[in-house]
Amino acid sequence: MSVLVTGGAGFIGSHTVVQLLEKGEDIVILDNFSNSSPDVLDKIRQISGKDFGFYRADMRDAGKLDTIFTENKIEAVIHFAGLKAVGESVEKPLEYYDNNINGTLTVLEAMKKHGCEIMIFSSSATVYGNDNPVPFVEGMKTSATNPYGWTKVFIEHILEGVCASDKDFSAVLLRYFNPIGAHKSGLIGEKPNGIPNNLMPYIVKVANGEYDHLNVFGDDYDTVDGTGVRDYIHVVDLADGHLAALSYARKNRGVQTVNLGTGKGTSVLELVRAFEKASGKKVPYVIAPRRPGDIAECYADVSKAKEVLGWQAKYDIDDMCRDNARWALKL
Ligand code: NAD
Ligand code: UFG
């Protein structure tokens with residue numbers, strides 16, 4: 001029996017595949033490389049010393065999905081594949097709805113046809129919208145402010161519907177907070193295309209001299225130092241959360257929604273200082289206006305992850321910065 005990992009060549013998917021292979025799981029990856037590259041597969045083999053099945057395909061290709069499920073005995077799907085840039089989703093809503101929602105429906109149809117009844121889904125803290133109080137708790141109402149966020153809200157509802165209609169189905173909806181860091185080998189990590197939207201990849205490009213400064217979006221929030229606060233989580237901790245979710249789903253039926261974060265908030269300036277300490281590089285910054293749509297604080301209540309999955313994050317901000325710097329600056 002194998003675990004199908006959609007989007008397994010991506011940032012979070014590749015780290016999860018490494019952890020799964022280490023645990024002795026049999027893996028098949030599906031990826032179309034729309035936001036990743038084939039060399040990641042060799043890096044995964046290099047780190048783990050193990051091989052896995054791979055299909056270069058679009059998850060919306062029902063015929064290809066049928067082939068994958070026919071050629072392999074797929075017991076569970078860990079579903080990372082999706083487009084994830086908030087700004088781009090506002091410009092290209094149809095592309096986002098088609099890729100993320102139709103893609104998920106195509107995967108679910110193939111699962112149904114072939115009797116596969118476990119899905120671990122990559123949801124996001126973005127489903128908490130912008131008017132819930134922190135810390136975010138799984139039972140809070142969900143909403144979104146952009147098409148990307150709506151795809152996560154809708155897919156959560158789709159999986160609730162699937163579980164309601166099929167009592168043997170098991171879905172774990174993992175709401176990720178802000179993944180950063182990289183594998184300790186320095187061989188895999190995040191590689192965003194173009195100008196990064198997210199804080200850590202931008203910090204890296206300032207540290208390596210590509211940009212001369214970081215724009216800090218607002219210093220007048222009601223936070224520890226006025227800058228935005230987020231719950232950064234090491235990508236390897238996040239990957240381990242998927243192993244815990246898979247083991248839960250093998251023993252339980254129905255839908256379960258779980259936050260994956262550390263429960264601790266870190267401000268923009270705290271992250272800048274931690275990165276400078278870990279890398280020995282300067283990260284000059286200027287205070288810029290607030291970024292539209294941003295909230296002051298976003299961090300998780302992590303008690304459910306501990307209770308239900310028996311999982312909690314092990315790494316702190318200094319570990320995240322050290323591993324991120326090793327990967328991105330080749331230190
Ligand atoms: P990523 O872009 O690095 O990985 C996604 C992978 O999916 C890529 O390798 C891409 O090529 C592949 N893919 C996309 N569309 C596909 C399709 N139609 N068919 C086949 N492959 C396809 O992103 P990531 O950071 O690893 O995120 C993984 C998942 O986690 C995404 O669903 C994302 O929305 C979600 N998520 C990410 C974050 C984050 O900050 N990184 C936060 C919350 C949720
Ligand atoms: N920030 C800056 N300068 C930058 C980039 C970011 O000051 O150049 C600040 C932001 O204002 C925010 C913090 O750094 O206060 C983190 O910003 P990110 O863009 O890294 O992360 P967000 O929390 O805003 O967004 C991320 C993902 C979204 C997801 C959301 C909730 O990018 O896809 O988390 O999970 F929806």
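Whatever order the structure lists ligands and atoms in, that order sets their numbers, starting from 1.
- Any N or O atom pair closer than 3.5 Å counts here, and Y176 shares no such pair with ligand 1.
- Near V216, with a cut-off below 4.0 Å to any heavy atom, the atoms of ligand 2 are 7 (O).
- Nearest to atom 4 (O) of ligand 1 among the protein's heavy atoms is G10 CA, 3.4 Å.
- For atom 12 (C) of ligand 2, the closest non-hydrogen atom on the protein side is R230 NH2, 3.6 Å.
- In F33, the part holding a heavy atom less than 4.0 Å from any atom of ligand 1 is the backbone.
- In terms of polar-atom proximity, S36 is counted as a contact of ligand 1, with an N or O under 3.5 Å from an N or O of the ligand.
- With hydrogens and angles ignored, the 3.5 Å screen pairs no side-chain donor or acceptor of D219 with any backbone N or O of T227.
- Within ligand 1, counting atoms from 1 as listed, the ones closer than 4.0 Å to a heavy atom of A57 are 19 (N), 20 (C).
- Classification of K205 and E190 as a salt-bridged pair fails, no side-chain N sitting under 4.0 Å from a carboxylate O.
- Listed by number with element, the atoms of ligand 2 under 4.0 angstrom from any heavy atom of S124 are 29 (C), 31 (C), 35 (O), 36 (F).
- Which parts of ligand 1 touch S123 is read off a 4.0 Å heavy-atom cut-off, strictly below it: atoms 43 (C), 44 (C).
- Protein heavy atom at the shortest distance from atom 12 (C) of ligand 1 is D31 OD1, 3.4 Å.
- Residue-level proximity to ligand 2 for Y211 is absent, since no heavy atom of it falls below 4.0 angstrom.
- In this structure, R175 pairs ionically with E156, as a charged nitrogen and a carboxylate oxygen lie closer than 4.0 Å.
- With respect to R56 and D31, no salt bridge is recorded, no charged nitrogen being found less than 4.0 Å from a carboxylate O.
- When hydrogens are left out, the protein atom nearest atom 26 (O) of ligand 1 is I12 N, 2.8 Å; that is the closest non-hydrogen contact.
- Counting non-hydrogen atoms of neighbouring residues, nucleotides and ligands closer than 6.0 angstrom, the OH atom of Y285 reaches no more than 12 such neighbours.
- Protein heavy atom closest to atom 11 (O) of ligand 2, with residue, atom name and distance, is D294 OD2, 2.5 Å.
- One finds a salt bridge joining R60 and D98 here, because a Lys/Arg side-chain nitrogen approaches an Asp/Glu carboxylate oxygen to under 4.0 Å.
- Using a 30° and 60° split on the angle between ring planes, F154 and W150 fall in the parallel class, below 30°.
- In this structure, the protein non-hydrogen atom closest to atom 24 (P) of ligand 1 is K84 NZ, 3.7 Å.
- Shown in contact with N197 at under 4.0 Å from a heavy atom are these atoms of ligand 2, numbered in order with element: 5 (C), 19 (O).
- Contact annotation for V268 and ligand 2: only side-chain heavy atoms (C-beta onward) come within less than 4.0 Å of the ligand.
- If you check which protein heavy atom lies closest to atom 16 (C) of ligand 2, you get Y232 OH, 3.5 Å.
- Assignment of K152 to the shell around ligand 1 is supported, since a heavy atom sits closer than 4.0 Å.
- Nearest to atom 3 (O) of ligand 1 by heavy-atom distance, out of Y96, F11, Y148, F177, is F11.
- Per-residue contacts place A125 under 4.0 angstrom from the following atoms of ligand 2 (heavy atoms of the residue considered): 35 (O).
- The closest protein non-hydrogen atom to atom 29 (C) of ligand 1 is F80 O, 3.2 Å.
- Closest to atom 6 (C) of ligand 1 among all protein heavy atoms lies G7 CA, 3.6 Å.
- Backbone and side-chain nitrogen or oxygen atoms of M200 are examined, and none is located within less than 3.5 angstrom of a nitrogen or oxygen of ligand 2.
- Summarising the local packing, CG of D222 is surrounded by 12 or fewer heavy atoms from other residues, nucleotides or ligands at distances under 6.0 Å.
- Salt bridge K73/D26: absent, no basic N to carboxylate O contact under 4.0 Å.
- Contact annotation for N198 and ligand 2: heavy atoms of both the backbone and the side chain come within less than 4.0 Å of the ligand.
- Atoms of ligand 1 found under 4.0 Å from any heavy atom of S124 (numbered from 1 in listed order, with element): 43 (C), 44 (C).
- A side-chain N or O of H79 and one of T104 form a donor-acceptor pair less than 3.5 Å apart.
- Interface of S34 with ligand 1, defined as ligand atoms under 4.0 Å from a residue heavy atom, comprises 10 (C), 11 (O), 13 (N), 14 (C), 15 (N).
- No donor-acceptor pair closer than 3.5 Å links the side chain of K304 to the backbone N or O of D301.
- Residue nearest to atom 13 (N) of ligand 1, selected from N32, T16, L30: N32 (by heavy-atom distance).
- Under 4.0 Å is where a charged nitrogen must lie from a carboxylate oxygen, and between D316 and K264 no such pair does.
- The atoms of ligand 2 that sit less than 4.0 Å from any heavy atom of Y148 are 33 (O), 36 (F).
- When Y202, Y176, Y285, F217 are checked for heavy-atom proximity to atom 4 (C) of ligand 2, F217 turns out nearest.
- For ligand 1 and A81, the ligand atoms under 4.0 Å from any heavy atom of the residue are 7 (O), 13 (N), 21 (N), 22 (C).
- Taking the charged nitrogens against the carboxylate oxygens, R250 and E25 do have a contact shorter than 4.0 Å, which makes a salt bridge.
- Contact atoms of ligand 1 toward S122: 29 (C), 30 (O), 32 (O), 35 (C) (distance under 4.0 Å to a heavy atom of the residue).
- Within a 6.0 Å sphere centred on NZ of K184, other residues, nucleotides and ligands contribute 12 heavy atoms or fewer.
- Within a 6.0 Å radius of CD in E71, more than 12 heavy atoms belonging to other residues, nucleotides or ligands are found.
- By the rule that hydrophobic residues join a cluster once side-chain heavy atoms approach within less than 4.5 Å of another member, I120 and I155 end up as members of separate clusters.
- Salt-bridge formation is detected for the pair D240/K314: a Lys NZ or Arg NE/NH1/NH2 atom is positioned less than 4.0 Å from an Asp or Glu carboxylate oxygen.
- Between H114 and F69, the ring-plane angle classifies as parallel under the 30° and 60° cut-offs.
- Of all atoms in ligand 2, numbered sequentially from 1 with element shown, those under 4.0 Å from a heavy atom of L214 are 3 (N), 8 (O).
- Here's the thing with P179: none of its N/O atoms is less than 3.5 angstrom from an N/O atom of ligand 1.
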